[in-house]
Structures are given as structure tokens and as C-alpha cells.
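Taking it in order: structure first as C-alpha cells, then the write-up.
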Amino acid sequence: MVKLGVNIDHVASVRELRKGAFPEPAIAALIAQEAKAASIVVHLREDRRHIKDADLYILKQVVKTKLNLEMSTAPEIVGIACKIRPDQATLVPEKRKELTTEGGLNVAANLKLVRDTVNKLKKNGIIVSLFIDPEKKQIDAARKSGVNMIELHTGRFANAKNDLEQEKCLKEISDAVKYAKKLKLAVNAGHGLDYNNVSRIARIKGIEELNIGYSIICRSVIVGLKQAIKEMRDLL
Ligand code: PXP
């Protein structure tokens, strides 16, 4: 069975709506672990719009499965990662104004920077993965950068406008998995996966872990709402 990494960024996004203390990402991490998530994923963005440095210190203490830190190659963020030492770091591209990560890291065009960052993280005992588009050029570059693991960007597949386009994206991902396995890379995938589209990706042989956030947090609001209302009514 494919493992599930649960991205809890948007628990922190809700907290930041009021800049308060709740809901706490650490509590969400504990619940996700209890629900057999294989890893807890968070993205410390340069603008700190959801997960904050303090969250990372707490998560490092409470996560007993695997803490996977999504991060850019910005020196400040790399420094924090080397201090906190999550089990894994996944390098992602980052643009300030984007609502979410918009594509894979262009490793081919930034090989030196990526290789240097990978080396720094590895020296600190951190396993490194690269979030890349399902393209041979990027997989070859990932191999050259010194990582043993990649995460294929499924965003294009998730946003496909029709069946034909989705089929094409699915084939791209499946071909990319085969190619990466030939190069002895461990392959994960994620972005934009939800309850309707995940099974088509989960069926691809060779993918070890899927990292999913937004759809799970959205669903939890809906399935948890009745209980939350009951608890409040009981207090009235
Ligand atoms: N994988 C990576 C590398 C990501 O950047 C994200 C978004 O933070 C995800 C997976 C999860 O994407 P989503 O929230 O759309 O499930």
C-alpha cells in the first residue's frame, strides 16, 4: 500500500486567520500519527504565512513517525533546517505571491545551488528529496544533485481540464516513475490530490508515498463539524 504523508500547513493557516493559538499544528500532528499517517509534512515558507519557526521546534519533539520539512533553498531557511534537523527535507520552489507551490523545482537550471543545499542538509543528517515535475530532464538533474529520493509534482494532473488531458498527465507521471526507478531513486508524489483523483495516482506501481494536505484538512472541517457543534451545544 502507498504510504500517506499528511501535510498540516492549513491547520496553521486557520490559526493565522485570527493570529491566535488555535488550532495547534502539533495537536493535528498527534491526531495524524494516531490515524497512521506515515509522515507529517509542513512547509516553512519564507513569509511564514502558516507554519512558524516555533511550530517546527514543537513538531520536532512530538512527531515520532517522520517529520518532512518542505522548504526553499533560501539560506535563512536552510540554516533553520540544519538547526532543527527534521528527518527529511523536501526542496520546493517558492514564490512570495503564489497561493500554493505552483510547479516543481527547476533542478536542471539550478544544479549547483541545489547540489550545495542538498550537501549541507545531508551533512546535518537530513534525508533530502526534491519536488520536481515529471520530466526526464529534471529526474536526471535530481540524480546529479546527490539525492536518493524525489517527489513528483501531481498538480498538472490534478488541475487537468478534461479526461484527455488528465490521461496525458497520468502517463507522464507513470513514465517518470519508471524512469526514476531505473536511476534507483525512491519516488513519492503529491500536490492537488483529493478524494476523487487520488486512486488513479495510488495505482501507479513504484510510488512509495503520497503527500496530501489541503483536501484532508478541508474534509476534516466537514466531517468534524457535527461533533464540534454538539460539544458547544452541550455547554449552553
Ligand atoms: N507536496 C509538496 C511538495 C507540496 O508543496 C504540497 C503543498 O504544500 C503538497 C505535497 C500537498 O499539496 P496539497 O495541499 O495540494 O495536498
Side-chain angles (χ1 to χ4, degrees), residues 2-10 13 38-39 41-43 45-46 49-50 68-73 88-111 113-114 128-145 147 149-183 185-219:
V2 189
K3 289 187 274 184
L4 174 64
V6 177
N7 181 313
I8 57 169
D9 287 347
H10 296 306
S13 297
S39 67
V41 189
V42 288
H43 185 172
R45 295 189 74 104
E46 290 164 42
R49 70 174 73 155
H50 39 54
N68 176 4
L69 175 63
E70 291 176 5
M71 53 178 277
S72 73
T73 52
Q88 183 183 319
T90 301
L91 297 182
V92 301
E94 200 174 303
K95 293 188 211 124
R96 277 291 154 91
K97 295 222 168 88
E98 67 191 358
L99 286 178
T100 180
T101 315
E102 283 169 353
L105 189 65
N106 192 347
V107 185
N110 299 286
L111 189 55
L113 172 67
V114 174
V128 190
S129 175
L130 302 180
F131 183 55
I132 56 173
D133 287 325
E135 294 168 6
K136 273 189 177 176
K137 183 173 84 169
Q138 297 300 341
I139 298 168
D140 285 335
R143 181 77 280 181
K144 283 185 200 146
S145 76
V147 297
M149 185 189 284
I150 56 169
E151 178 176 338
L152 295 174
H153 179 57
T154 52
R156 253 188 340 232
F157 159 83
N159 295 327
K161 293 195 178 54
N162 52 50
D163 290 352
L164 199 71
E165 195 185 324
Q166 197 186 53
E167 233 14 85
K168 192 171 157 267
C169 294
L170 198 63
K171 181 158 177 356
E172 266 170 19
I173 295 168
S174 149
D175 289 349
V177 174
K178 277 190 209 131
Y179 187 68
K181 298 302 281 182
K182 260 196 222 151
L183 299 186
L185 289 163
V187 185
N188 303 324
H191 209 279
L193 298 178
D194 61 28
Y195 294 84
N196 293 314
N197 65 21
V198 72
S199 57
R200 305 196 75 195
I201 296 290
R203 262 187 248 130
I204 298 174
K205 283 209 177 64
I207 295 182
E208 291 178 23
E209 189 168 305
L210 293 178
N211 293 317
I212 307 180
Y214 187 68
S215 63
I216 293 176
I217 303 305
C218 289
R219 179 82 185 137

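Count residues from 1 along the sequence.
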Query raised in the report: Is any side-chain heavy atom of Phe157 closer than 4.5 Å to a side-chain heavy atom of Lys168?
Result: no
Query raised in the report: Run the side-chain contact (heavy atoms from CB on, under 4.5 Å) check on His153 and Glu135 step by step: do they pass?
Result: CA-CA 10 Å; His153 179 57; Glu135 294 168 6; over 6 Å; no
Query raised in the report: Under a 4.0 Å N-O cut-off, is there an ion pair linking Glu46 with Lys95?
Result: no
Query raised in the report: Would a distance-only check, ignoring hydrogens and angles, find a side-chain to backbone donor-acceptor pair under 3.5 Å from Asn7 to Val42?
Result: no
Query raised in the report: Looking just at side-chain N and O atoms, do Asp140 and Tyr179 make a donor-acceptor pair shorter than 3.5 Å?
Result: yes
**Report entry** From OG1 (Thr73) to CG (Leu130), nearest 0.5 Å
**Finding:** 10.5 Å
Query raised in the report: Can any side-chain N or O of Ser39 pair as donor or acceptor with the backbone N or O of Asn68 at less than 3.5 Å?
Result: no
Query raised in the report: Are Phe131 and Leu91 close enough, and set up right, to give a side-chain contact (heavy atoms from CB on, under 4.5 Å), and what steps lead you there?
Result: CA-CA 6 Å; Phe131 183 55; Leu91 297 182; over 6 Å; no
Report summary line: dist Leu152:CG -> Gln138:CD (nearest 0.5 Å) comes out at 11.0 Å
Query raised in the report: Less than 4.5 Å apart, any side-chain heavy atom of Arg45 and any of Met71?
Result: no
Requested in this report: Compare every heavy atom of Ala202 with every heavy atom of Val2, then report the nearest pair and how far apart it is.
Outcome: CG2-O, 3.4 Å
Query - Residue pair Ala158 / His191: nearest heavy atoms and the distance that separates them - result: CB-O, 4.1 Å
**Report entry** Nearest atoms (heavy-atom pairs only) where Asn106 meets Ala109
**Finding:** OD1-N, 3.2 Å
Requested in this report: Spell out, as yes or no, whether a donor-acceptor pair under 3.5 Å connects the side chain of Arg143 to the backbone of Leu183.
Outcome: yes
Query raised in the report: Within a strict 4.5 Å, meaning less than it, do heavy atoms of the Leu4 and Ile216 side chains meet?
Result: yes
Query - Residues, nucleotides or ligands: over 12 heavy atoms within 6.0 Å of Asn162 CG - result: yes
Report summary line: Between the CG atom in Leu164 and the NZ atom in Lys161, the distance rounded to the nearest 0.5 Å is 13.5 Å
Requested in this report: For residues Leu193 and Ser215, report the shortest heavy-atom separation together with the two atoms involved.
Outcome: O-OG, 2.9 Å
Query raised in the report: Which distance, rounded to the nearest 0.5 Å, do you find between the SG of Cys218 and the NE2 of His10?
Result: 8.0 Å
Report task. Look at the side chain of Asn110 and the backbone N and O of Leu113, then say whether any donor-acceptor pair between them is shorter than 3.5 Å. Result -> no
Query - CD1 on Ile201 to OG on Ser174, rounded to 0.5 Å - result: 9.0 Å
**Report entry** Heavy-atom check, side chain of Gln166 versus side chain of Arg200, under 4.5 Å
**Finding:** yes
Requested in this report: Could you go through the side-chain contact (heavy atoms from CB on, under 4.5 Å) check for Lys181 and Val177 one step at a time?
Outcome: CA-CA 6 Å; Lys181 298 302 281 182; Val177 174; 4.1 Å; yes
Report summary line: All heavy atoms of Ser129 vs all of Glu151, minimum pair found to be OG-N, 3.6 Å
Report summary line: Separation between NZ (Lys3) and CG (Asn211), nearest 0.5 Å, reads 10.5 Å
Query raised in the report: Is the closest basic N to carboxylate O distance between Glu172 and Arg156 below 4.0 Å?
Result: yes
Query raised in the report: Could you walk me through whether Leu170 and Ile204 pass the side-chain contact (heavy atoms from CB on, under 4.5 Å) check?
Result: CA-CA 9 Å; Leu170 198 63; Ile204 298 174; 4.2 Å; yes
Report task. Give a yes or no on whether Arg219 atom CZ has more than 12 heavy-atom contacts from other residues, nucleotides or ligands under 6.0 Å away. Result -> no
Requested in this report: Would you name the heavy atoms of His43 and Glu94 that are closest together and state the gap between them?
Outcome: NE2-OE1, 2.9 Å
Query raised in the report: Of the options Leu105, Ile139, Thr90, Asn188, which is the one that meets Ile150 in a side-chain contact (heavy atoms from CB on, under 4.5 Å)?
Result: Ile139
